[in-house]
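Quick notes on the structure that follows.
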Amino acid sequence: ANPPNEFVPSGGSVYFTADLGLWRASPAEGPVRLTAIAAACPRSLGASTLFFGTDAPTGAELWKTDGSLDGEVLLKDIRSGPTGSQPSCGGVVDQTLFFGAHTGATGPGLWKSDGTPAGTVLVEDIRPGNPDSIAAGSFPNATVGNRFFFVADDGVSGSELWTSDGSPEGTALVRDVEPGAGGSSPGDLREVDGALVFRACTTAAGCEIWASDGTETGTLQLAHVAAGPGGSTPGGFTPLGTQILFAASNTAADTALWAIPKSAIPDPDGDGLFDATEASLGTNPLPADSDGDDLADGDELHRHHTDPLDPD
């Protein structure tokens, strides 16, 4: 038996997986098994819950349920046949599910779904051909504003940090932190006050704590916990008050609880752009709205795709 896992609140209930199925529970009725097929990775999307289901005819594919008994339907058979598309668990941005999936000809590429068959489409085949660009099962990812951050391997830069707004042109490598085919192997991605905090590994510093505003210039190492190239292998980044707590180790101690102030993230005006990015754009690093049009500089750049120096 598989214990309850992957809890997702939706509409006054909580959805979760257990004993290879999808369940729903609420204070009024307790736990109810919704599906006969194996289920994984539930995600709330409006009035529906999307999940990866596996049955004999289609293999592992994207399904959805309205929360009623036997209310599940196959959303899209991305890869016909019993092998299925073997989707990888992603995240939700603005009522859009991002996930990885195989087609046989591509994959796993980055896909998105709005909960409809027509709205379930390939965003970008990051590594053309069949080699894996996104890890099977699940892959490191996080939502920051309207951006989906994830880890992928394009076959050139290795495993690195990517971002997507749901369009092919808005899907890109953020920064090649560790040049070469090995990559920096980012992990433990976490949103903190409108910025991304994560772990990345380099030859010079080992695995340490990094942050990103979604630009190449604004992707940088926040601290060097362990001196030398060994790294501290930080993880479990958790914002608490004015601090970010995390587990890490240095040369003098075993793994222990550490903290770094949120102010170490170089975004004093909270507009979603780090100081280095603002300097490169020519925007003001102190007011959040450089051009006075009531749109924060970061929203102009990432959400509206407008010039933060030109009142719109």
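Not measured: the values here are computed from a predicted model. Excluded from the calculations below are hydrogen atoms, water molecules and symmetry mates; all remaining heavy atoms, backbone and side chain alike, are included.
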Heavy-atom donor-acceptor pair, [X] side chain to [Y] backbone, under 3.5 Å:
X    : Y    : result
S232 : A226 : no
T35  : L22  : yes
D271 : G298 : no
N141 : F139 : yes
D297 : S290 : yes
D188 : G236 : yes
Q86  : G59  : no
D153 : S133 : no
E208 : H224 : no
S48  : D66  : no

Should [X] and [Y] be regarded as members of a common hydrophobic cluster, given that ILVMFWY residues are connected when their side-chain heavy atoms come within less than 4.5 Å of each other, either directly or indirectly?
X    : Y    : result
V92  : V8   : no
V151 : V123 : no
F98  : F149 : no
L97  : L75  : yes
L220 : I209 : yes

side-chain contact (heavy atoms from CB on, under 4.5 Å) assessment of T277 paired with D267: CA-CA 10 Å; T277 304; D267 183 16; over 6 Å; no

For [X] against [Y], the heavy-atom pair lying closest together:
X    : Y    : result
C207 : P234 : O-CD, 3.3 Å
G12  : S26  : O-CB, 3.9 Å
F99  : F52  : CB-CZ, 3.8 Å

Partner residues of [X] under the side-chain contact (heavy atoms from CB on, under 4.5 Å) criterion, sequence neighbours left out:
X    : answer
P239 : R190, V192, K262
T54  : A38, A60
E216 : R175

Close side-chain approach of F51 to L34, heavy-atom, < 4.5 Å: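 No, too far: nothing below the 4.5 Å cut-off.
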
Quick one: does P87's side chain get under 4.5 Å of L62's, heavy atoms only?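 Result no, sub-4.5 Å side-chain heavy-atom pair not found.
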
Side-chain donor-acceptor contact under 3.5 Å, E191 with T143: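 Short answer, no.
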
Quick one: do the S85 and E61 side chains pair a donor with an acceptor below 3.5 Å?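 A pair is found: one side chain offers a donor N or O, the other an acceptor, under 3.5 Å apart.
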
Passing candidate, side chain to side chain contact (heavy atoms under 4.5 Å, CB included) with F150, options T171, V174, L189: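 In the set T171, V174, L189, the residue that makes a side chain to side chain contact (heavy atoms under 4.5 Å, CB included) with F150 is T171.
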
Please verify the inter-ring angle class for F246 with F237; under 30° counts as parallel, over 60° as perpendicular, anything in between as tilted.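 Aromatic pair F246/F237 classed tilted.
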
Output, in order, the C-alpha distance, side-chain angles, deciding distance and verdict of side chain to side chain donor-acceptor pair (under 3.5 Å) for E160 and S184. CA-CA 6 Å; E160 291 289 359; S184 65; 2.6 Å; yes

Return the [atom1] to [atom2] distance between [X] and [Y], rounded to the nearest 0.5 Å.
X    : Y    : atom1 : atom2 : answer
E169 : S164 : CD    : OG    : 9.5 Å
D213 : H302 : CG    : NE2   : 5.0 Å
E278 : L286 : CD    : CG    : 8.5 Å
R43  : T96  : CZ    : OG1   : 14.0 Å
I260 : T242 : CD1   : OG1   : 12.0 Å
S263 : Q243 : OG    : CD    : 7.5 Å

Is the number of heavy atoms from other residues, nucleotides or ligands within 6.0 Å of CG (D310) greater than 12?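 Enclosed: over 12 neighbouring heavy atoms sit under 6.0 Å from CG of D310.
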
Criterion side-chain contact (heavy atoms from CB on, under 4.5 Å) on L301 and T215, from CA distance to verdict: CA-CA 10 Å; L301 185 68; T215 70; 4.1 Å; yes

side-chain contact (heavy atoms from CB on, under 4.5 Å) for D165 and H305? Distances and angles first, verdict last. CA-CA 11 Å; D165 63 2; H305 306 293; 3.3 Å; yes

Stepwise side-chain contact (heavy atoms from CB on, under 4.5 Å) test for L50 and W63: CA-CA 6 Å; L50 274 56; W63 290 63; over 6 Å; no

